[in-house]
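Labels below follow one simple rule: chain letters A, B, ... track the order of the sequence lines, proteins then strands, and each chain is numbered from 1.
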Amino acid sequence: MKDQYRPQDIESAAQARWTKQRAFAASEDANKPKYYCLSMLPYPSGKLHMGHVRNYTIGDVITRQMRMRGFNVLQPMGWDAFGLPAENAAMQNNVPPAKWTYENIAYMREQLKALGFAIDWERELATCQPDYYKWNQWFFLRMREQGIAYKKTGVVNWDPVDQTVLANEQVIDGRGWRTGAEVEKREMPMYYLNITRYADELLNALDGLDGWPERVKTMQANWIGKSEGAEIHFPCHSFGGDSAIKVFTTRADTLMGATYVAVAAEHPLALKVAANNSGVAKFIEECRKGGTTEAAIATQEKRGMPLGIEAEHPLTGERLPVWVANYVLMNYGEGAVMAVPAHDERDFAFANKYELPIKQVVACENYNDTEWRDEYSDKQRLLVNSGKYDGLGFEAGTDAIAADLEAKGLGKKRVNFRLRDWGISRQRFWGCPIPLIHCEACGEVAVPDEQLPVTLPEDLVPDGSGNPLNKCAEFLNVKCPQCGGDAKRETDTMDTFVDSSWYFLRYTSSDNHSAMVDARADYWMPVDQYIGGIEHAILHLLYSRFWTKVMRDLDLLQADEPFRNLLTQGMVLNHIFFRKESAGRIEYVPPGDVDVEYDKGEIVSAKRKSDGAPVEYDGIGTMSKSKLNGVDPQGMVEQYGADATRLFMMFAAPPEQTLEWSDTGIEGAWRFLKKVWQFAVDNCALMGDAKPFDWSKASDDVRAARRDIHEALKQANADYERKQFNTVVSAAMKILNALPKQATPDEAALVSEGCSILLRLLAPITPHIAQQLWSDLGFGDDIIDAAWPEHDDAALKSNVIELVVQVNGKLRGRVSVPSAADREAIEAAAMNDANVQRFVEGRTVRKVIVVPGKLVNVVVA
RNA sequence: GCCCGGGUGGCGGAAUGGUAGACGCAGCGGACUUAAAAUCCGCUGGCCGAAAGGCCGUGCCGGUUCAAGUCCGGCCCUGGGCACCA
């Protein structure tokens, strides 16, 4: 074996060996339990960043460990290749998005290979390949046939200068990022997927996802947002007939306290009034400004205006003013609310601002209608000022009022979800075309299955003024499949979340060109372990669950849920710097190009290295392409090797924890691997002997060292089980520290067993060095085929144990007792300690708590 | 604004109600070396003390417990998500 640890040599050799063996090419095998280990596919942004290294190392550690434990493991990889950054790069560099994307994929694939991940590359896919997105289109048409995909209008961000739709990311402080123009909301026809049809199942099935983090399930449940309440009709005759304003409320019990009705700015009634009322029209116009995100809407100043019409209270017939208010959301409930200012915080603030009446109907002492207190909305209190409903509680009051409303045909109990249907239409080029054709004679016609895929031209370059497909005659002009007349193709493409909602299924059947998935999907599904960033906790994971259920209902799949176990990786954060260009445009500056001045740990000033000009600090945030704060692992891999990089990433923090980027510590990982190598070189003559050894005849030192090793192994296995890999690494370090550096022949069994354990523990994390030493030291040919190490209980036994003695909970001494000592003997030994006596002397012992194997606590008065 | 996390030495972190700071990084001291690098050994939360030992200490305030970083209530700061970034 070589004297020096040189990762460049051993890493490429190990990778070549695995490739030649097709070691990670998975096939369906009935003789072994299957294990599908999946990491979220990367967006091919150009280069890997540390977040990718973290994500894929976690997946690889699990993959390799499960393989050594005897599972038939599949770990595939692909590319989430459609999306906005490719269009931006295209505009900047005047290259087609396809070229940019495929070049990025080629580069990043080599980076992944250099990191030695145990990936089955034969199943690789990219979502921008026609062979992949053909099935998006095929399945979209099946959903359209079922009514799951349907058309309605939706709101988008509109840049009035560029005359184009903007993504939320392109709206900064309510203005377009390129033009600086104030963004408007605009309605457009779009396709939606009817995810709300599955709302109940998506919510209830969370209970069965035992392998998911509680926090993710809570986030999904809150997102789905099931509310039990009532639909109530407030009759309104202003525009003739017997129409009514419908509202949804979770507090029907407080109906007698309703003093006005408020509708959203987009509500049909508001629009009708606006037709003849320029003040209202102007207000609605104002509400159209600004972004469409919930955050933008929720943080804006609450404003409203009377519509000048009235609605009838459904029980009392009292006339209530109708207002338009920007805090009412059109896409939640009915787009209208009954306002009960006395018992709803937002209504309270609104009523106080516009001097609307406030009527208390729930018992609260010292009610004050100018200062809000949370008890006003407490559901535990009883109704007052509510006529026949006085004295009822929340549930009884709701039931009684709902029953009376139902009898009058003016309402009923109802469940409402916060979840909205999923709008998938995008007015953008670099995405999967929606397979529809618009014919003047036949209307909207589906592209026939045999004409799929509708292929996206790969040579167009967007220019920022909208979707280039609209100017591409070759794509646009088509014959109608029904009548054969001239027709136009749909130019909207699909949300990229569509692509990522089922890619994990395509891996199982990636070579099948005649079906979306086949029976192999039922062999591999569900995914046994899914790993990806916590930022995907809601949207991607919810859409994938929905998509899986739809495929099940269309008999394409047996699985109900896609992901059995979920590990949400904490994000890798880095500092963000930027400066404002003219026209309000923001230019981000990579942290590596910034010199920073600190004062008491806080950044006080920053300058760009390349030109010395000041830059602004925008805090710390996730590594992202758009903010240019990603760190490329390439330099680290070249200098220290893949193993040291992987080890460092795993050692830096537990997988689920957020990690602020810093490269201090890579030296430590590198040093550790050098020490492992040196230990192997120094002791190689004693290794590989697998003869049984009688440890009871070994010296005390050898047995003590072996106990430390097996204790560390036990801890490491528990930590592998709970996926806390940073402490697995520290256990490996402890094992190396416990082994003699230059062993004597008497220690041969100890170093041989210890080294064999150490290499197998490290094999999932640092597979190259583990493979090289395993074969050099004669333990076997391939460590990936070695059995997983388990600790020996006999090695953990000890004659004497040390206990901690506390007096009133404070540490006062330590005593050694035989491990077989009983309670009395332990107590006596504890009381005998000189320092303990100092603190007990002259005081009364109230009780003595003995925690076996741990401590004694003497409680004195 | 709403929903979900996090806050422990100079730094990354460990501690599944039971010894706070494992394992590392950085730093300091020493060995080896003509020298440097590399390597090896030792020290390293703060304050008091010659030492033994003591007092303080896990974002802040309060509570439960023999015992709280860990459980409960309130607050502050910070990260993620909020439906067109992926």
Side-chain angles (χ1 to χ4, degrees), chain A residues 40-43 45 80 82-85 154 156-157 165-171 213-216 218-219 221-223 225 292-300 302 327 331 346 419-428 495-497 500 533-540 542-543 568 570-571 573 601 619-622 624-627 651-654 656-660 662 664-669 671-672 674-675 678 712 715 718 722 724 726-727 729-734 737 741 802-806 808-811 814 834-835 838 846-849 851 854-859:
Chain A
M40 288 182 188
L41 81 180
Y43 177 79
S45 54
D80 189 14
F82 276 136
L84 205 50
V156 295
N157 301 306
V165 174
L166 297 178
N168 285 333
E169 191 194 42
Q170 299 170 317
V171 179
E214 265 330 299
R215 59 170 160 158
V216 175
T218 307
M219 279 191 262
N222 290 339
W223 184 263
T292 57
T293 66
E294 193 185 309
I297 293 162
T299 50
Q300 70 194 352
K302 297 194 178 13
Y327 74 92
N331 48 26
R346 280 176 313 181
L419 181 68
R420 311 199 295 259
D421 277 344
W422 173 15
I424 59 158
S425 297
R426 297 289 180 271
Q427 296 72 37
R428 259 189 270 294
D495 180 7
T496 56
F497 274 122
S500 56
I534 182 67
E535 70 274 23
H536 296 293
I538 297 176
L539 292 180
H540 162 63
L542 192 64
Y543 291 150
T568 46
M571 297 204 288
L573 309 182
I620 203 159
T622 174
S624 81
K625 172 80 183 166
S626 57
K627 294 189 172 168
F651 189 44
E656 306 217 273
Q657 190 168 309
T658 302
L659 179 62
E660 280 183 36
S662 159
T664 62
I666 179 68
E667 288 279 354
R671 256 200 299 269
F672 171 69
K674 275 198 293 190
K675 283 190 221 170
Q678 193 59 43
Q715 178 217 313
R722 62 178 175 143
Q724 183 170 291
N726 56 326
T727 47
V729 175
S730 68
M733 290 172 169
K734 283 179 191 171
N737 291 343
K741 300 244 159 349
E802 187 178 75
L803 294 180
V804 160
V805 186
Q806 297 177 332
N808 284 350
K810 281 187 182 267
L811 177 64
R814 290 159 208 276
N835 202 44
R838 268 179 60 202
R846 294 268 186 234
K847 63 174 154 177
V848 179
I849 289 156
V851 182
K854 289 257 165 97
L855 60 68
V856 179
N857 188 11
V858 183
V859 184

Q. For B:A22, does OP1 or OP2 lie under 4.0 Å from any side-chain N or O of A:Q724?
A. no
(Q) Regarding A:L84, tell me which of base, sugar-phosphate or nothing describes its non-hydrogen contacts under 4.0 Å with the strands shown. (A) sugar-phosphate
**Q.** Side chain A:S624, main chain A:K627, donor-acceptor under 3.5 Å
**A.** yes
Q: Using a cut-off of strictly less than 4.0 Å, decide whether A:Q657 has a side-chain nitrogen or oxygen near OP1 or OP2 of B:G13.
A: yes
Q) Which nucleotide in the list B:C3, B:C23, B:C82 gets nearest to the side chain of A:L539? A) B:C82
Q: Could you state the atom-to-atom distance from CE of A:M219 to P of B:G5 in whole Å?
A: 7 Å
**Q.** Length of the line joining A:N168:CG and B:A83:P, which is rounded to integer Å
**A.** 5 Å
Q. Which of these nucleotides, B:U19, B:G18, B:C25, is closest to any side-chain atom of A:L811?
A. B:U19
Q | Min side-chain heavy-atom separation A:Q300-A:Y327 under 4.5 Å | A | no
(Q) At 4.0 Å (heavy atoms only), tell me whether A:A537 reaches a base, stays on the sugar-phosphate, or touches nothing. (A) nothing
Q) Does B:U39 have a Watson-Crick or wobble mate here (both distances under 3.5 Å), and if so which one? A) B:A31
Q: Using the P atoms only, state how far B:U70 lies from B:A52, rounded to an integer number of Å.
A: 31 Å
Q. The side chain of A:P654 lies closest to which of these nucleotides: B:G13, B:C4, B:G1?
A. B:G13
Q | Nearest-angstrom distance, P atom, B:G13 to B:G80 | A | 16 Å
Q) Expressed in angstrom and rounded to an integer, what is the separation of A:R420 atom CZ from B:G81 atom C1'? A) 14 Å
Q | Test log, rule side chain to side chain donor-acceptor pair (under 3.5 Å), inputs A:S500 and A:D80 | A | CA-CA 7 Å; A:S500 56; A:D80 189 14; 4.7 Å; no
(Q) Counting only side-chain nitrogens and oxygens, does A:K675 get under 4.0 Å of the OP1 or OP2 atom of B:G24? (A) no
Q: Among B:G80, B:A86, B:A83, find the nucleotide with the atom closest to the side chain of A:I534.
A: B:G80
Q. Mapping A:S662 and A:V859 onto RNA chain B by nearest heavy atom, which one lands closer to the 5' end?
A. A:S662
(Q) In this structure, how many angstroms lie between the C1' atom of B:G1 and the CD1 atom of A:I297, rounded? (A) 12 Å
Q. If you check the A:K741 side chain, which of B:G12, B:C41, B:A14 turns out closest?
A. B:C41
Q. Using the P atom in both, what is the distance from B:U19 to B:A68, to the nearest Å?
A. 11 Å
Q | Donor-acceptor contact below 3.5 Å, side chain A:K625 vs main chain A:S45 | A | yes
Q. In the strands shown, is B:C23 matched to any nucleotide by a Watson-Crick or G-U wobble pair with both distances under 3.5 Å, and which?
A. B:G12
Q: Write down the distance between CD1 (A:I538) and P (B:C82), rounded to a whole number of angstrom.
A: 8 Å
Q: Determine whether the side chains of A:S662 and A:T664 contain a donor N or O and an acceptor N or O closer than 3.5 Å.
A: yes
Q | Spacing of the C1' atoms in B:A83 and B:U78 (rounded, Å) | A | 25 Å
Q | Whole-Å distance separating the NZ atom of A:K854 from the P atom of B:C66 | A | 20 Å
Q. Which nucleotide in the list B:U39, B:A14, B:C23 gets nearest to the side chain of A:K674?
A. B:U39
Q | Short side-chain N/O contact from A:T664 to OP1 or OP2 of B:C11, under 4.0 Å | A | no
Q) Is any side-chain N or O of A:N857 under 3.5 Å from a base N or O of B:C66, one able to act as donor and the other as acceptor? A) yes
Q) When rounded to the nearest Å, what value does the distance between C1' atoms of B:G21 and B:G9 take? A) 7 Å
**Q.** Rounded C1' spacing from B:U58 to B:G12 in Å
**A.** 16 Å
Q. Considering Watson-Crick and G-U wobble pairs with both distances under 3.5 Å, what does B:A52 pair with?
A. none
Q. So what does A:Q806 hit on the nucleic acid, given a heavy-atom distance under 4.0 Å: a base, only sugar-phosphate, or nothing?
A. base
**Q.** Any-strand Watson-Crick or G-U partner of B:G18, both distances under 3.5 Å
**A.** B:C66
**Q.** A:R722 side chain, from C-beta outward: closest of B:C85, B:A15, B:A86
**A.** B:A15
Q) Taking the chi torsion of B:G9, is it syn (within 90° of 0) or anti (everything else)? A) syn
Q: Could you work out the separation of B:A38 and B:U44 based on their P atoms and round it to a whole Å?
A: 24 Å
**Q.** Side chain proximity check, A:Q657 to A:M571, heavy atoms < 4.5 angstrom
**A.** no
Q) In the strands shown, is B:C75 matched to any nucleotide by a Watson-Crick or G-U wobble pair with both distances under 3.5 Å, and which? A) B:G59
Q: Identify whether any heavy atom of A:R426 sits under 4.0 Å from a base atom; if not, whether one sits that close to sugar-phosphate; answer base, sugar-phosphate or nothing.
A: base
Q) With sugar-phosphate meaning primed atoms plus P, OP1 and OP2, does A:V165 contact a base, only sugar-phosphate, or nothing at under 4.0 Å between heavy atoms? A) base
(Q) Check the phosphate of B:A26 against A:R671, side-chain N and O only, distance under 4.0 Å to OP1 or OP2. Yes or no? (A) yes
Q. Among the nucleotides B:G13, B:A83, B:U39, which one has an atom lying closest to any side-chain atom of A:W223?
A. B:A83
Q: Indicate yes or no for a side-chain donor-acceptor contact from A:N857 to the backbone of A:V805 under 3.5 Å, with no hydrogens or angles considered.
A: no
Q. Taking CG from A:N331 and C1' from B:C82, how many angstroms apart are they, rounded to a whole number?
A. 12 Å
**Q.** A:N835 side chain, from C-beta outward: closest of B:G54, B:U39, B:A86
**A.** B:G54
Q) Any idea how A:F497 and A:H540 line up, ring-wise: parallel (<30°), tilted (30 to 60°), or perpendicular (>60°)? A) parallel
Q.
When the C1' atoms of B:G24 and B:C32 are compared, how many Å lie between them, rounded to an integer?
A. 25 Å
Q.
Looking at A:R846, I want to see if its CZ is surrounded by more than 12 non-hydrogen atoms of other residues, nucleotides or ligands under 6.0 Å.
A. no
Q) Within this structure, what is the CG-to-C1' distance between A:L855 and B:A15, rounded to whole angstrom? A) 14 Å
Q. Looking across every strand, which nucleic acid part, if any, lies under 4.0 Å from A:Y43 by heavy atom: base, sugar-phosphate, or nothing?
A. sugar-phosphate
Q. Between B:U19, B:G80, B:A83, which nucleotide has the shortest distance from any of its atoms to the side chain of A:E294?
A. B:A83
Q: Name the nucleic acid region contacted by A:F497, choosing base, sugar-phosphate or nothing; use a 4.0 angstrom heavy-atom cut-off, strictly under.
A: base
Q.
If you count heavy atoms of other groups shown closer than 6.0 angstrom to NZ of A:K854, is the number above 12?
A. no
Q | N/O (side chain, A:N726) to phosphate O (OP1/OP2, B:G24) under 4.0 Å | A | no
Q. Taking N and O atoms by type only, does the side chain of A:R814 place a donor or acceptor under 3.5 Å from a partner on the base of B:U19?
A. yes
**Q.** Closest-nucleotide 5' rank along RNA chain B - winner of A:G809 and A:T293
**A.** A:G809
Q: For A:R838, report the nucleic acid contact type (base, sugar-phosphate, nothing); a contact means any heavy atom under 4.0 Å.
A: sugar-phosphate
